[in-house]
Amino acid sequence: MWQWFHRLASPRWFYQASGKFLPWISMLGLFFISLGLVWGLGFAPQDAKQGNSFRIIYIHVPSSFLALVGYYIMAAAGAIAIIWKIKLADMVMKAAAPIGAAFTFVALLTGAIWGKPTWGTYWIWDARITSMLILFFLYLGVIILQSSYEHKGLSSKAAALLALVGTVNIPIIYKSVDWWYTLHQPATIRFTEAPSMHPDMFQPLLVMIVGFYFLYAIALVASIRVEILHRERRTKWVQDLVFTNKNNDP
Amino acid sequence: MNTGFMVIFRRDLLVAIRHRGDLANPVIFFFIVIVLVPLGLTPESSKLSEIAPGILWVMALLASLLSLDSLFQNDYDDGTLEQIIILPQPLYFMVLAKIIVHWLVTGLPLSLLAPILGMMLSLPDAGYPALVLSLLMGTAILSLLGAVGAALTLPLGKEGLLLPLIVMPLYMPVLIFGANSVQLAINGFSVIGPLATIGSLLALSLIVAPYVTAGALRLSIQG
Amino acid sequence: MNTGFMVIFRRDLLVAIRHRGDLANPVIFFFIVIVLVPLGLTPESSKLSEIAPGILWVMALLASLLSLDSLFQNDYDDGTLEQIIILPQPLYFMVLAKIIVHWLVTGLPLSLLAPILGMMLSLPDAGYPALVLSLLMGTAILSLLGAVGAALTLPLGKEGLLLPLIVMPLYMPVLIFGANSVQLAINGFSVIGPLATIGSLLALSLIVAPYVTAGALRLSIQG
Amino acid sequence: MSDTNAFASNSSLMGILTLRDIEFHRNENLLFSGINASLEFGDILQIEGPNGSGKTTLLRLITMALSPYLGEITWQGENVTYIRERYLKNVLFLGHQPGLNESLSAEENLIWWRRLNKSNSLSDSDALKRTGLIKYKSIACSHLSAGQVRRAALARLHVAEAKLWILDEPFSALDKEGSRELKILILDHLNRGGIVVLSTHHDLEIKNMKRISLVSSRQAC
Amino acid sequence: MSDTNAFASNSSLMGILTLRDIEFHRNENLLFSGINASLEFGDILQIEGPNGSGKTTLLRLITMALSPYLGEITWQGENVTYIRERYLKNVLFLGHQPGLNESLSAEENLIWWRRLNKSNSLSDSDALKRTGLIKYKSIACSHLSAGQVRRAALARLHVAEAKLWILDEPFSALDKEGSRELKILILDHLNRGGIVVLSTHHDLEIKNMKRISLVSSRQAC
Ligand code: HEM
Ligand SMILES: Nc1ncnc2c1ncn2[C@@H]1O[C@H](COP(=O)(O)OP(=O)(O)OP(=O)(O)O)[C@@H](O)[C@H]1O
Ligand SMILES: Nc1ncnc2c1ncn2[C@@H]1O[C@H](COP(=O)(O)OP(=O)(O)OP(=O)(O)O)[C@@H](O)[C@H]1O
Ligand SMILES: [Mg+2]
Ligand SMILES: [Mg+2]
């Protein structure tokens with residue numbers, strides 16, 4: 001069991017194993033996303049009130065999902081890196097931060113674009129929107145902190161500490177923002193709870209969500225691989241990989 | 001009491017008193033910024049009184065935040081930190097002492113001054129007790145969480161405002177509960193709920209923050 | 001162009017770029033602080049839109065102010081300032097170069113970002129041109145006047161918030177004209193008047209501030 | 001990458017403080033390796049080498065301020081990482097930086113330091129007198145000259161009870177009289193059974209001094 | 001309060017750089033007085049004295065960073081206060097602090113300094129090579145060791161064309177090789193007709209070196 005764990009945690013092993021399954025998840029991801037897109041954009045019925053503009057939901061909702069999930073993946077990796085000092089976890093954390101931030105940004109952007117036709121404004125201070133923005137700041141903090149330290153070992157430790165504090169805080173932030181919002185009960189448009197969606201609209205959404213999970217995985221694995229190559233560039237196996245092409249890795 | 005705690009506590013208090021001017025600075029900053037608001041916004045007291053709880057809280061938060069920069073910086077620059085960290089004393093208490101002194105010279109006076117500024121912004125009478133209580137506890141949380149940020153950004157140099165970016169998201173719950181407790185009090189509701197929440201946030205950060213700060217400080221001298 | 005100006009300009013820009021993160025910091029600070037406001041005050045867009053011009057201006061002022069701390073501090077600490085001051089070059093231009101770089105990395109991006117934040121605070125459409133224009137000129141004045149304050153407080157150490165105290169009164173006219181120009185524009189009045197005033201304030205401080213700053217810097221190394 | 005002539009062979013006999021096969025990498029570049037030393041009570045170890053060879057780094061490893069490294073540092077036979085607190089009780093470290101708060105006077109700084117370290121019975125003003133600072137004792141450290149700041153930092157040596165002194169270029173900025181006094185202070189400490197590890201570019205001319213000579217390591221960059 | 005043996009009598013002959021009866025008070029306390037010296041091209045003046053006697057202060061007076069003082073400093077017969085710019089064109093001052101921006105590399109720092117000073121034809125990388133920093137030239141100064149920082153600061157001596165070097169403890173933190181090289185550099189400068197004023201606790205063993213010995217001044221406080 002432990003042996004297996006440590007083997008998995010060895011960057012070299014991960015690089016080689018991921019090389020084998022990356023094409024597969026890429027294909028699956030491509031499949032789900034194109035299926036979802038074609039279905040959602042082409043075949044799902046128009047929304048009664050919002051017309052075609054609702055179709056942005058097929059990007060918006062999946063990326064909102066992954067934005068949050070991504071933070072926990074990042075923080076968990078940070079915790080593992082700090083507690084068990086596992087190199088690979090360190091790299092996962094480093095790779096997860098910008099990817100998560102990117103998904104958060106896409107969620108914010110698509111939401112804002114969607115807001116204009118629906119609410120007539122790009123932005124309202126809705127509880128979920130606001131907490132999404134705060135999440136984005138948390139990500140930014142981790143990324144900037146990480147890149148500001150020049151000493152690599154320190155940068156990931158510092159960022160992991162911050163991510164951990166953030167993890168304790170995320171539920172608190174969400175609770176408080178929610179509480180704040182219900183307290184004020186603003187008269188403006190409310191961000192309705194999952195509108196009871198027609199199954200024809202909902203099914204492609206599910207497909208897109210699955211597709212986005214794959215997309216996230218692809219992005220994460222790919223950037224971990226780059227990070228591994230970078231950090232282990234001095235080691236023999238990487239040199240072999242780069243200079244002689246005898247490794248049959250794709 | 002723990003030696004490390006007492007020594008650092010007295011030392012930092014002495015340093016704060018030596019810089020006599022600095023003691024008053026967060027307070028003066030708070031004061032000036034609050035004066036800016038009517039200038040930039042509106043002098044009408046009816047409108048001011050509406051935004052008063054929020055503005056007071058936001059500005060108290062900023063005042064406390066901005067004085068954090070120097071919490072560990074001088075000790076880091078002059079080599080004290082490096083030598084303190086390798087003492088055979090638990091770092092937790094020394095860090096806690098520094099944070100408490102920080103609160104004593106910023107949060108505490110800010111909270112006590114707030115009613116006067118509230119008056120200037122026509123804060124309705126019912127809001128004052130909640131304002132002072134929420135600020136007293138809230139600024140303590142700010143000092144605690146802020147210390148984490150200050151320690152994490154320590155080796156990165158003074159330039160830049162990375163610290164606010166890091167701690168601001170962590171501050172948001174405190175701000176929300178703090179400002180809203182004042183608003184609730186003004187509207188005649190009970191404030192026990194939000195104040196209790198702030199209290200438990202304080203307890204939580206009192207336990208967690210000094211540990212994380214100590215860890216970050218240990219990192220900072222590895223450079 | 002004057003050698004001293006060009007050399008310091010390029011050097012400071014290089015330093016700013018080297019600290020990549022820091023470049024973005026005043027902007028991020030501005031952004032975050034603006035987010036604090038609805039949290040502390042109210043999420044209602046009708047109310048936010050009323051206070052938006054003032055809040056945007058106050059916060060831009062704070063963001064610019066807070067990045068001033070480090071304008072001369074590093075050069076002072078590492079001995080560069082002492083050695084620059086005794087160069088046979090007019091100090092005026094070297095100081096001006098530092099100030100311009102400061103504006104380029106704080107005031108300029110702040111002003112360009114302001115419309116997005118205005119949107120988030122539901123600033124009415126008519127206000128945007130005045131907002132950007134007044135901020136562009138206004139933040140330049142803030143950098144210029146702020147440099148005077150930064151130079152004066154230089155030998156007093158990093159601790160404390162004395163700098164805001166010194167420069168805030170100088171900032172007030174800029175704030176008043178700036179925020180009011182936006183308000184006027186929203187209400188459909190002409191903004192040429194206040195913008196012209198800001199322009200002439202800018203011209204005045206461009207001439208005076210670097211001289212005074214240079215003088216203050218000369219004093220600072222006498223310690 | 002570095003050669004050592006400090007009792008590498010002796011290490012089986014186990015001194016009070018021993019360094020065994022210490023190796024350190026900075027950002028993946030080897031800084032030094034194969035550092036061995038073994039010190040008994042009363043021993044002094046000088047770390048020498050050209051600028052940038054890693055003297056400060058090695059001292060900071062010994063004080064446990066810096067980690068991780070390969071190899072083992074032991075105190076009375078136990079690896080210091082496992083007896084951190086017990087080991088550090090014996091350590092007094094003075095680095096390049098003085099560790100003095102600028103707005104406090106030399107005396108005030110000394111007072112709070114001695115409260116944190118285990119300290120002997122010498123009074124603060126006696127310690128300041130011996131470092132020649134008594135006239136300046138209540139002046140803020142920011143108003144002292146370079147050498148006076150160094151003296152204020154060294155005052156801690158007079159009051160501390162630590163057995164192991166770790167000093168990074170303690171002679172820098174001192175005038176001749178100050179250097180002479182410091183050398184006497186170090187000799188006294190050795191006579192009382194203390195251990196001193198220091199880095200300096202001076203020739204100390206102390207008998208039986210052990211040495212570690214680091215060599216400049218950076219070959220390619 | 002201070003004695004001087006540096007050609008006080010000669011001052012009528014008027015050297016290139018002369019100090020005449022310099023007297024300085026810090027916060028109303030006399031620090032030194034009656035300082036006289038007269039330097040020709042090719043002369044070197046060492047300012048010595050115990051810690052806190054005012055060496056740094058005197059050097060800063062000569063560079064015009066500090067004022068006011070009593071007495072007169074002249075350059076080619078003219079009081080420097082009246083010919084400030086002309087005088088300072090000839091001056092290169094390296095203080096205790098290196099004057100290097102921490103986030104820039106040694107090379108970048110050198111580049112901008114040489115643009116501000118009148119400089120000779122030696123290239124930046126040659127200058128860094130001569131100070132032994134060439135391997136580190138693109139590393140941020142915050143990552144250099146104490147001695148490397150000092151070397152980076154001294155690199156300016158290689159590229160500057162200033163006649164008058166004013167150096168405050170330039171040997172501090174340098175290793176032996178570095179000290180030797182610096183001494184050679186100073187001798188070269190003197191041979192080319194330069195003037196050097198420096199403070200140091202080292203014995204430089206340079207022939208015909210002039211000296212000003214300051215004495216510790218603080219009697220009552
Ligand atoms: C910048 C603005 C916006 C942001 C930051 C944002 C953010 C979010 C977030 C965080 C979720 C939750 C995902 C989850 O909990 O699983 C979500 C879901 C959703 N959003 Fe948005 N959103 C924005 C604008 C909009 C707009 C304008 C609409 C349309 C009126 C909209 C409609 C939805 C719907 C229908 C869902 C999925 C159903 C649900 O879980 O409630 N969003 N968005
Ligand atoms: N910034 C200052 N403010 C007030 N007094 C100062 C300041 N700097 C130095 N002094 C005092 O002036 C005197 C001379 O200081 P100076 O730095 O010139 O001495 P120095 O001869 O260079 O000593 P060292 O050998 O230690 O470098 C000292 O007694 C010191 O206490
Ligand atoms: N904070 C740092 N980050 C990265 N590298 C560093 C840092 N400090 C020092 N170094 C590098 O590590 C090496 C050893 O530095 P160290 O300070 O230990 O040298 P040293 O022997 O004490 O030199 P000196 O005689 O100049 O004091 C140097 O090459 C230096 O460039
Ligand atoms: Mg060193
Ligand atoms: Mg000196």
Side-chain angles (χ1 to χ4, degrees), chain B residues 15-16 19 21-33 35-42 47 50-59 61-63 65-67 69-71 73-74 77 106 156-165 167-169 171-173 175-176 178-180 183, chain C residues 15-16 19 21-33 35-42 47 50-59 61-63 65-67 69-71 73-74 77 106 156-165 168-169 171-173 175-176 178-180 182-183:
Chain B
V15 172
H19 279 244
D22 290 356
L23 263 184
N25 281 336
V27 174
I28 295 173
F29 176 84
F30 187 38
F31 207 90
I32 292 186
V33 173
V35 173
L36 283 183
V37 171
L39 286 180
L41 289 161
T42 166
K47 286 203 183 142
E50 260 182 52
I51 56 171
I55 290 288
L56 282 169
W57 247 99
V58 169
M59 296 308 176
L61 189 153
L62 283 181
L65 171 69
L66 297 171
S67 55
D69 256 2
S70 56
L71 185 53
Q73 191 72 52
N74 284 344
D77 290 343
T106 61
L156 308 180
K158 285 138 288 192
E159 286 185 70
L161 297 165
L162 182 57
L163 175 58
L165 170 63
V167 297
M168 218 69 109
Y171 278 6
M172 298 215 168
L175 172 67
I176 290 174
N180 285 333
Q183 197 65 62
Chain C
V15 173
H19 281 242
D22 292 356
L23 263 184
N25 281 336
V27 174
I28 293 174
F29 177 82
F30 187 37
F31 207 93
I32 293 189
V33 173
V35 173
L36 288 182
V37 172
L39 287 179
L41 290 160
T42 167
K47 288 205 182 138
E50 262 180 51
I51 56 169
I55 290 289
L56 283 169
W57 248 99
V58 170
M59 297 306 180
L61 187 152
L62 284 181
L65 171 70
L66 297 171
S67 55
D69 255 3
S70 57
L71 185 53
Q73 190 71 53
N74 284 344
D77 289 344
T106 60
L156 308 180
K158 285 140 287 193
E159 285 185 69
L161 298 164
L162 184 57
L163 174 59
L165 176 60
M168 220 65 111
Y171 278 6
M172 297 224 172
L175 172 68
I176 293 174
N180 284 343
V182 185
Q183 199 62 63

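No hydrogens, no waters, no symmetry mates; every other heavy atom, side chains included, goes into these values.
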Within the structure provided, determine whether [X] and [Y] are in side-chain contact (heavy-atom separation under 4.5 Å).
X: C:Val35; Y: B:Met172; result: yes
X: B:Met59; Y: C:Leu36; result: no
X: C:Met168; Y: B:Val33; result: yes

Taking side chain as everything from C-beta outward and backbone as N, CA, C, O, which of these in [X] sits under 4.5 Å from a heavy atom of chain B? Side chain, backbone, both or neither.
X: C:Gln183; value: neither
X: C:Leu175; value: side chain
X: C:Leu56; value: neither

_Heavy-atom cut-off 4.5 Å, strictly under: side chain, backbone, both or neither for B:Leu71 against chain C?_
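Neither part, no heavy atoms under 4.5 Å.
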*Proximity breakdown for B:Leu62 and chain C, heavy-atom pairs closer than 4.5 Å*: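 Answer is side chain: those atoms of B:Leu62 sit under 4.5 Å from chain C.
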*Separation between NZ of C:Lys47 and NZ of B:Lys47, rounded to the nearest 0.5 Å*: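 Separation between the atoms: 11.5 Å.
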*asked:* Distance check, rounded to the nearest 0.5 Å: B:Ile176 atom CD1 versus C:Leu39 atom CG?
replied: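 It comes to 4.5 Å.
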*asked:* Testing the basics here: between C:Gly40 and B:Ala179, what is the closest heavy-atom pair and its distance to 0.1 Å?
replied: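 That would be O-CB, 3.4 Å.
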